[in-house]
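Structure record follows, encoded as structure tokens.
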Amino acid sequence: MTSEAPKVLLKVEGLTKHFPITKGVFRRQVGAVKAVDGISFEILQGETLGLVGESGCGKSTTGRVILQLYPATAGKVTFKGRDLMSLSKEELRKQRPQMQMIFQDPQDSLNPRMTVGSIISEPLVEHGEFKGKARRDRVEQLLESVGMNREYTNRYPHEFSGGQRQRIGIARALALSPEFIICDEPIAALDVSIQAQVVNLLEELQEELGLTYLFISHDLSMIRHIADRVAVMYLGRIVELASSESLYSTPLHPYTQALLSAVPIHDPKLEKKRKRVILTGDVPSPANPPSGCHFSIRCPRAEQRCFKDSPEWREITPGHQVACHLV
Amino acid sequence: MSAQATILQVENIATRFRTQDGVVHAVNGISFELKEGELLGVVGESGSGKSVTMMSLLKLLPMPPAEIVSGKANFEGQDLIPLNTNQLRKIRGGKIGFIFQDPMTSLNPVLTIGYQLGEPMREHLGMSRREARKRSAELLELVGIPMAENRLNDFPHQFSGGMRQRVMIAIALACDPKVLIADEPTTALDVTIQAQILDIVKRLRKELGMAIIWITHDLGVVAGLADRVAVMYGGFIVEEAPVDELYANPKHPYTQGLLKTLPNLKGERSKRLESIIGQPPDLLGKPESCPFAPRCTQTLERCLKENPSLINRGNNHKVACWWNHES
């Protein structure tokens with residue numbers, strides 16, 4: 001997206017999040033759900049990185065750990081050269097205005113007892129920005145920028161449809177002029193005819209305000225549309241990362257290939273001609289992932305070494321990285 | 001296909017809900033037919049009336065608040081609408097099978113899979129416990145559950161989401177239904193699991209030859225599956241055509257808009273998604289104009305005054321739109 005040498009805005013190294021499984025009265029730890037299991041990637045200034053995967057693969061946890069909403073088990077998150085994990089609570093709070101989040105369910109993420117105006121102004125109050133009339137003006141201006149009427153400030157969330165509520169959530173995320181926004185399945189709960197409206201809004205805002213997005217979704221077609229680069233996650237690990245063009249035209253990892261072939265296409269002629277890779281079985285539990293490559297037990301091409309050794313993260317062509325023994 | 005006999009003929013079904021806010025006109029006089037062995041896809045967004053239409057046929061709605069105001073549903077020479085609960089019970093799960101969206105809530109958590117599978121066969125076919133058990137194991141094998149016989153004593157929580165949906169399909173197939181109504185059966189599943197289920201349905205259709213009504217919001221799923229597609233909006237069927245014809249040559253502005261808003265998985269990446277402006281319709285109040293008129297790009301004066309009827313425009317392509325009718 002950027003014309004000069006792109007700057008790295010966010011760097012994630014070996015990020016790991018294990019949720020403990022406890023048992024008994026003394027809450028003895030008997031295991032761990034390895035939701036995120038050592039992932040590394042960079043996000044460049046002004047770009048959109050898509051993070052795709054099926055439910056339970058750890059994509060949402062990744063987003064939350066990056067923003068330090070959950071403490072990480074291990075790894076490092078560097079935002080604009082600052083190590084977020086080493087910051088004190090107060091320092092982190094001062095960092096927060098620059099990194100915001102848009103949540104999946106606009107029903108649950110807006111307080112039903114607060115007016116739209118107070119929802120959007122809450123971050124402004126919390127961080128002491130804008131006072132009095134200036135704050136009201138800012139809220140109205142935000143509402144307008146997400147395509148809503150500025151007179152809606154005194155209304156409540158239940159008066160709005162799903163798409164409009166998501167716009168309110170976006171306005172709230174924009175309130176403190178962030179540089180980086182994590183969009184966690186922002187369109188998954190919306191109707192098809194509304195999804196395009198919200199995605200277009202996010203893209204317009206990105207151009208206007210120079211935002212950087214981490215766009216988490218399970219919708220592969222939408223990720224292709226919105227993302228510059230795409231990371232594919234499976235069972236807590238990133239298995240493939242490439243530019244959007246490269247990933248969709250030449251997917252290298254067998255999981256990415258299967259995933260892409262499973263997406264229904266809205267064209268009956270293409271659908272009839274398509275060859276599907278149908279995976280057997282279900283995604284194993286992240287509490288007890290298979291040894292070696294996590295995908296090995298479902299992989300149609302697995303060899304012996306896949307069951308034993310974790311594949312290395314390698315760059316195959318410039319910018320196209322994959323973790324697979326067979327590539 | 002046209003030579004085949006009609007197995008289900010639905011005429012002018014209208015269903016309303018009495019609520020505190022007023023009368024919700026969920027389904028407003030819908031007619032369609034289903035041929036033997038045919039797969040009819042019913043596409044629409046939430047609130048378009050697609051589920052309520054099908055549930056009205058077998059009175060699977062809480063009445064009150066629901067009320068079937070008019071309509072006929074001829075199934076094997078018998079009108080289903082005037083039947084009482086006892087008479088309907090003989091048909092539900094017997095000659096007409098149902099698969100619901102959420103496999104988590106539609107199975108009883110305290111009964112074994114074997115019991116729940118055997119129940120319709122004991123009820124409808126008068127099988128003994130042993131016969132039902134034997135047939136249950138066969139059915140589980142048919143839907144691709146390994147070691148079927150050993151799993152009959154398992155409870156629903158011991159199955160994954162995809163497996164549970166397979167069990168639901170097996171239950172629906174237990175009594176060799178003539179018609180299978182599947183209400184968003186793959187919506188709650190991941191794409192790779194959805195591909196597995198769609199694969200099974202395609203195979204079973206060939207083997208068993210029943211007619212299927214497949215309700216979904218996903219135009220991609222229907223493209224690869226259906227023979228004929230009906231598009232619903234605001235409680236009306238707005239367009240209906242053979243699958244290839246509908247996707248190649250959509251006539252209703254809503255269908256055209258929907259197909260354009262979807263991002264592609266292959267081919268050119270569009271800069272901006274086309275979007276349909278506005279919000280889905282409010283179903284309170286009697287629909288006296290075209291329900292799509294407020295969001296339509298082709299609105300004529302007549303669209304705001306009169307509701308267009310579904311008219312065949314050749315090639316079995318039916319559309320309800322004044323813009324089409326008057327051009």
**OP:** Report the option among A:Pro268, A:Ser161, A:Gly56, A:Gly163 that has the most heavy-atom pairs separated by less than 4.5 Å from atoms of chain B.
**Re:** A:Pro268
Subject >> Side-chain heavy atoms of B:Leu258 within contact of A:Ser193, under 4.5 Å >> reply: yes
Original post:
Can you find a heavy atom in the side chain of B:Asp218 that is under 4.5 Å from one in the side chain of A:Pro264?
Top reply: yes
**OP:** Evaluate the salt bridge (charged side-chain N to carboxylate O under 4.0 Å, His left out) criterion for residues B:Arg272 and A:Glu207: first the C-alpha distance (whole Å), next the side-chain angles of each, then the deciding distance (0.1 Å), finally the verdict.
**Re:** CA-CA 12 Å; B:Arg272 278 275 182 278; A:Glu207 270 166 36; 3.4 Å; yes
Original post:
Do other residues, nucleotides or ligands put more than 12 heavy atoms under 6.0 Å from A:Glu144 CD?
Top reply: yes
Subject >> Value rounded to 0.5 Å, distance of CG in A:Asp267 from CG in B:Leu219 >> reply: 11.5 Å
Original post:
Without hydrogens or angle criteria, can the side chains of B:Ser275 and A:Gln197 be said to hold a donor-acceptor pair below 3.5 Å?
Top reply: no
Subject >> Gap between atom CG of A:Leu270 and atom CG of B:Leu265 - 0.5 Å precision >> reply: 10.0 Å
Subject >> Toward chain B, the part of A:Leu279 with a non-hydrogen atom under 4.5 Å >> reply: both
Original post:
Checking heavy atoms, do the side chain of A:Gln195, its backbone, both or neither come under 4.5 Å from chain B?
Top reply: neither
Original post:
So which part of A:Asp191 gets closer than 4.5 Å to some heavy atom of chain B, the side chain, the backbone, both or neither?
Top reply: both
Subject >> Residue A:Thr280 versus chain B: region with a heavy atom under 4.5 Å >> reply: backbone
Original post:
Out of B:Ala248, B:Gly257, B:Ala226, B:Gly278, which one racks up the most heavy-atom pairs below 4.5 Å with chain A?
Top reply: B:Gly278
Original post:
Side chain, backbone, both or neither: which part of A:His218 has an atom under 4.5 Å from a heavy atom of chain B?
Top reply: neither
Subject >> Toward chain B, the part of A:Ile223 with a non-hydrogen atom under 4.5 Å >> reply: neither
Original post:
Could you state the interatomic distance from CG (A:Asn200) to OG1 (B:Thr261), rounded to the nearest 0.5 Å?
Top reply: 9.5 Å
**OP:** Would you mind checking which part of A:Val192 comes under 4.5 Å of any heavy atom in chain B, side chain (CB onward), backbone (N, CA, C, O), both or neither?
**Re:** both
Original post:
Are any of the side-chain heavy atoms of A:His266 and B:Asn264 separated by less than 4.5 Å?
Top reply: yes
Original post:
Heavy-atom distance under 4.5 Å to chain A: side chain of B:Leu259, backbone, both or neither?
Top reply: both
Original post:
Would a 4.5 Å heavy-atom cut-off, applied to side chains only, mark A:Ile194 and B:Pro280 as touching?
Top reply: yes
Original post:
Do any of residues 196-205 of chain B come closer than 4.5 Å to chain A, heavy atom to heavy atom, and if so which ones, in number order?
Top reply: B:Gln196, B:Asp199, B:Lys202
Original post:
To the nearest 0.5 Å, how far apart are CG in B:Leu273 and CE in A:Met222?
Top reply: 5.5 Å
Subject >> Side chain, backbone, both or neither of A:Arg224 within contact of chain B (heavy atoms, under 4.5 Å) >> reply: both
Subject >> 4.5 Å side-chain heavy-atom contact, B:Val243 and A:Lys272 >> reply: yes
